[in-house]
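The block underneath contains the structure these notes are about, expressed in structure tokens.
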Amino acid sequence: MKKPAAPPPSTPPTERNFFHDVYEVVRLIPPGRVSTYGAIAHYLGTRQGSRAVGYALNASNLDALTAKREHPVPAHRVINRLGQLSGRHHFPTPTAMQERLEAEGVRVEDATVVDFNRLFWDPSKELE
DNA sequence: CATGTGACTGTGG
DNA sequence: GCCACAGCCACAT
């Protein structure tokens, strides 16, 4: 038999397991609420994988396929633990993230979500 | 398989 | 509260 060596089939740019999981959770964030990279990572089991979450969201935004789905990933609702829009520079325009949030009623000042603590949506607690 | 990178986070000074 | 360092995860080269 040929030894397959289990090669990852050419790494399909869309939807790896981890990425898919991230997208699923992010889609569950209600409009007008926000979550954090760390909270999502923790919910997925990788408590220290917050960077990977951002990595996945970045991919979702760049990937036109993923971005144009019927249920696009609301990546603008994911911010860092300080309530800052740390990912804003990865959107089509530097202000897109803030504008999308404000369109949902989330106030943003100085690249930071106002009342972040109150709007914070933690999948580990909300979804349980 | 080693190295580098990043939309992060926790800890210590 | 701010800055510097270190740790972890997934992915590209």
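Order of the sequence lines sets the chain letters (A, B, ...), proteins ahead of strands, with each chain counted from 1.
- Checking side-chain atoms of Asp110(A) against main-chain N and O of Thr112(A) turns up no donor-acceptor pair under 3.5 Å.
- Residue His42(A) contributes atom NE2, which lies 16 Å from atom C1' of dG7(C) at whole-angstrom precision.
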Report each atom pair, protein N/O against N/O of nucleotides 7-13 of chain B, whose distance is under 3.5 angstrom.
residue: dA7(B); atom: OP1; partner: His90(A); partner atom: NE2; Å: 2.8
residue: dA7(B); atom: O5'; partner: His90(A); partner atom: NE2; Å: 2.8
residue: dA7(B); atom: N7; partner: Asn58(A); partner atom: N; Å: 3.2
residue: dA7(B); atom: N6; partner: Leu57(A); partner atom: O; Å: 3.1
residue: dA7(B); atom: N6; partner: Asn61(A); partner atom: ND2; Å: 2.8
residue: dA7(B); atom: N3; partner: Tyr37(A); partner atom: OH; Å: 2.7
residue: dC8(B); atom: N4; partner: Arg51(A); partner atom: NH2; Å: 2.8
residue: dT9(B); atom: OP1; partner: Gly38(A); partner atom: N; Å: 3.4
residue: dT9(B); atom: OP1; partner: Arg81(A); partner atom: N; Å: 3.3
residue: dT9(B); atom: OP2; partner: Arg81(A); partner atom: N; Å: 3.0
residue: dG10(B); atom: OP2; partner: Arg81(A); partner atom: NE; Å: 3.2

Practice item. Take Asn61(A) and Phe91(A) through the side-chain contact (heavy atoms from CB on, under 4.5 Å) test and state the conclusion after the steps. Key: CA-CA 7 Å; Asn61(A) 252 346; Phe91(A) 281 77; 3.6 Å; yes
Review point. Can Tyr43(A) and Asp21(A) be said to form a side-chain contact (heavy atoms from CB on, under 4.5 Å), step by step?
Key: CA-CA 10 Å; Tyr43(A) 176 76; Asp21(A) 288 344; over 6 Å; no
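- Between Gln84(A) atom CD and dG1(C) atom P the separation is 11 Å, expressed in whole Å.
- With hydrogens and angles disregarded, no donor-acceptor distance shorter than 3.5 Å links the side chain of Arg88(A) to the backbone of Met97(A).
- Between the side chain of Ser124(A) and the backbone N or O of Asp122(A) there is no donor-acceptor pair closer than 3.5 Å.
- Contacts between residues 110-126 of chain A and DNA chain B, counted as heavy-atom distances below 4.0 Å, involve no residue at all.
- Using modelled atom types, one finds a donor on one side chain and an acceptor on the other under 3.5 Å when comparing His76(A) with Glu104(A).
- Side-chain atoms of Tyr23(A) come within 3.5 Å of backbone N or O of Ala56(A) as a donor-acceptor pair.
- With a 3.5 Å limit on both pairing distances and Watson-Crick or G-U wobble geometry required, the stems of 3 or more pairs in DNA chain C span B:2-6 with C:9-13, B:8-13 with C:2-7.
- Using a distance-only test at 3.5 Å, with no hydrogens or angles considered, no donor-acceptor pair links the side chain of Arg118(A) to the main chain of Asp115(A).
- Distance NE2 (His89(A)) to P (dG6(B)): 14 Å, rounded to an integer number of Å.
- Once rounded to the nearest 0.5 Å, the distance linking OG of Ser35(A) with CZ of Phe116(A) reads 8.0 Å.
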Point to revise | Audit row: Val78(A), Ile29(A), side-chain contact (heavy atoms from CB on, under 4.5 Å) steps and yes/no | key: CA-CA 9 Å; Val78(A) 185; Ile29(A) 305 176; 4.0 Å; yes
